[in-house]
Amino acid sequence: QTQVENIDSAIAKVRGEPLFKLPEDLYIPPDALEVFLEAFEGPLDLLLYLIRKQNFDILDIPVLKITQQYIEYIGLMREMRFELAAEYLLMAAMLAEIKSRLLLPRPAVEDNEEGEDPRAELVRRLQQYERFKSASENLDALPRVGREVFIARARPEQVSMAVALPQPTLRELIFAFRDVMLRAELFAHHQVKREPLSVRERMGRILADLAGGRQAQLLDLVEPAEGRLGVVVCFLAILELAKAEMIRVEQTEPYAPVFLQLVSGRASTNGLGEDIETAYSG
Amino acid sequence: MDERLMDNSELQRIVESLLLASEQPLTVERILSLFEEDARPSKADLKQALEALRDSLDGRAVELREVGSGWRLQTRQEYAGWISKLWEEKPPRYSRALLETLALICYRQPISRAEIEDVRGVGLSQSILKTLLERNWVRVVGYREVPGRPALFGTTKEFLDDFNLRDLESLPSLPEVRDLDALAAALEKLQDPAAESGISGQDEGDEATVPDAETLH
Amino acid sequence: MDERLMDNSELQRIVESLLLASEQPLTVERILSLFEEDARPSKADLKQALEALRDSLDGRAVELREVGSGWRLQTRQEYAGWISKLWEEKPPRYSRALLETLALICYRQPISRAEIEDVRGVGLSQSILKTLLERNWVRVVGYREVPGRPALFGTTKEFLDDFNLRDLESLPSLPEVRDLDALAAALEKLQDPAAESGISGQDEGDEATVPDAETLH
């Protein structure tokens, strides 16, 4: 059920055999490499995977082989032009150093070695990482509110006393909006431009002005006090309303006054609104 | 979860858990719809389980009631006084669904119920709209001329007052809402009335004290 | 409401109704504060009522539980499958990166970002910290007095609430270092390059010569 096992199956699908075979001959189908890499949280995770999965044998950590494999993976990634995180390259350098130490004849006086043995350091880091990796799995397995546990709620039918009405903060409101937009993936949509809310507010005001079947001329709706920007906002609001089929914009002949009214049941004749509609939907 | 037909006391417990976890009353049909077809209890079985549940609540603080929109577990009226004491200091909060609905009406007005449901991906309960209308934060601003003539909702002056907003324009813009850093900055500014006064643009001295006012727009 | 000292079963019902009506878990102190001074039960009485309530819920779909910020009534885990059918939205699944970060903050608090990155071996993305802070599972508990004054993170009561925990002590213990002996043995081996047959890097079929591979698992 762990992610690594998911990857096993993901890659097995590509190649038709289980993934744990793959590191042995180091062949990863190119189209699976990306899936493979995404499964790892970083170089420690990848290394741990190679150690744990390769031979199923912890006693025999073949540092040389692992190093080779790791470095070949890195090579493969670069060949595939994956953007390599610096951490992977750093790890490769560390492994290369360990490897070179193993291959070189041991210095006669080992005690004078400066700094920590990189092998011991690597093992320590792997151990630490693995502890917290499994701790995170334990954490994820705890019963969680909203997943395994639900808060039991009940209220009285009515509360007699005058209880203060809930007042959410603006912050809560905006975060709720953010969440719903993220969930609906609307932020990615083309319509997310800098949409002036004043237009939306103005749309509501125009609808109110036209309530009860009142007709208005374009000019009636513009408030000179609002200045040029106000006129633009008003005009945009009218276009939006027409586009959304909420009002009808009519002009009987060129240069005649433009009349606006709420859309009613009857069919519109020569409605500018329809033209706009088709223009937008096209 | 056991897919075989379960005994009635297990059904009773399932129903109890559903009613306590649900914010809204549940109809018999809704409850039955949660079962796989081949493991679905009969209506009679469910009714029996509901009755058994009601009886088992004798002497407890909760009771099972059938209301207009289904079955509901509610606390008994004699404890309402205690609960109002609790809420006095800390009023209950509106549900996530209500906040999201209000936020959508605010940012996307005029908007129809169907559009709200479309964006949220779930049905909108009548009670949420009712609360928002009663609270006078939301009103019907028009109707869309499509079959059914759905009402279009917008926010009110009272909404602006209660959320301490001068106008809708002073809300964070969509790009600001998307970008967390920008949102944090925008909210910061909204909460700081000193920054507000700089917007009127009358006095340069004021703006000088709000050095990052421009960077927010 | 009866202002005299009430018997314990009545106290139990009051507590039950309060817990059901409250948005948040309630502490013993908070419950006691709702009583007029001359009718306030003792702490011991309240504890007894809570215990009686817990016992009375045996065999029901709900249970009484003490979590980080107090007592609450919650549905038993075995009914989660039914309840989640009520909602179309699935609970969020968190990435391994986020959970590993949370685990580090949880077990190693107070911990700085650099320390988290050090153990995980990768940079910590800003969005993970933001999610944890927004979720209110994590907060800045202080700053380390070194150049740059890095923030130190710790977990919140809400984290305990959401993970059904009473306190940090009730967390599963941090897993021990695995295969300590095995790793030591492997290190031992590494001291002697000759023992590593893989030096040439060409040796296939090497694995077959390791007969005890299975016995180790």
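Numbered from 1 within each chain, the chains take letters A, B, ... in sequence-line order.
C/Ser22 touches chain A through its backbone: at least one of N, CA, C or O sits under 4.5 Å from a heavy atom, while the side chain does not. Contacts between C/Arg72 and chain A at a heavy-atom distance below 4.5 Å involve the side chain alone, from C-beta outward. Interface residue A/Leu139: backbone and side-chain heavy atoms are both found under 4.5 Å from chain C. Residue C/Leu98 does not touch chain A at all, counting heavy-atom pairs closer than 4.5 Å. Of the atoms belonging to C/Pro25, not a single heavy atom falls under 4.5 Å from chain A. For a residue to count as touching a neighbouring chain, one of its non-hydrogen atoms must lie under 4.5 Å from one of that chain's; by this rule C/Glu134 touches chain A with the side chain only. Heavy-atom distances place no part of C/Arg65 under 4.5 Å from chain A, backbone and side chain included.
Counting heavy-atom pairs under 4.5 Å between each of A/Ala141, A/Gly42, A/Ala135 and chain C puts A/Ala135 at the top. Heavy-atom pairs under 4.5 Å with chain A were tallied for C/Arg108, C/Glu63, C/Lys90; the largest tally goes to C/Arg108.
Residue A/Arg144 qualifies as enclosed at atom CZ: its count of foreign heavy atoms under 6.0 Å is above 12. Shown here is C/Lys47, whose NZ atom has no more than 12 heavy atoms of other residues, nucleotides or ligands within 6.0 Å. Applying the 6.0 Å contact sphere to CD of C/Glu29 captures more than 12 heavy atoms from other residues, nucleotides or ligands.
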Worksheet item: Run the side chain to side chain contact (heavy atoms under 4.5 Å, CB included) check on A/Leu44 and C/Val119 step by step: do they pass?
Response: CA-CA 9 Å; A/Leu44 285 174; C/Val119 174; over 6 Å; no
Between A/Asp45 and C/Arg96, does the side chain to side chain contact (heavy atoms under 4.5 Å, CB included) criterion hold? Intermediate values first, please. CA-CA 11 Å; A/Asp45 201 20; C/Arg96 277 179 54 200; 2.5 Å; yes
| said: Show, in sequence, the C-alpha distance, side-chain angles and deciding distance for C/Ile116 and A/Phe132, and conclude whether the side chain to side chain contact (heavy atoms under 4.5 Å, CB included) test is met. | reply: CA-CA 10 Å; C/Ile116 295 170; A/Phe132 286 100; over 6 Å; no
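Side-chain atoms of A/Asp140 and C/Tyr94, non-hydrogen and from C-beta on, never get closer than 4.5 Å to each other.
Considering all non-hydrogen atoms of both residues, C/Ala97 and A/Glu41 come closest at CB-OE1, 3.1 Å. A pairwise comparison of heavy atoms in A/Tyr129 and C/Arg120 identifies CD1-CA, 3.9 Å as the closest pair. Smallest separation of non-hydrogen atoms from A/Arg147 and C/Pro91: CG-CG, 3.6 Å. Contact between C/Leu20 and A/Ala152 at its shortest, heavy atoms only, is CD2-O, 3.6 Å. Closest heavy-atom contact between C/Gln77 and A/Pro143: NE2-CG, 3.2 Å.
At least one donor-acceptor pair under 3.5 Å links the side chain of A/Arg131 to the backbone N or O of C/Pro175. Between the side chain of C/Thr75 and the main chain of A/Phe150, a donor-acceptor pair closer than 3.5 Å is present.
Distance CD/C/Glu100 to CD/A/Glu137: 8.0 Å, rounded to 0.5 Å.
Considering C/Val67, C/Asp162, C/Asp161, C/Asn164 as possible partners of A/Val145, the one that fulfils the side chain to side chain contact (heavy atoms under 4.5 Å, CB included) test is C/Asp162.
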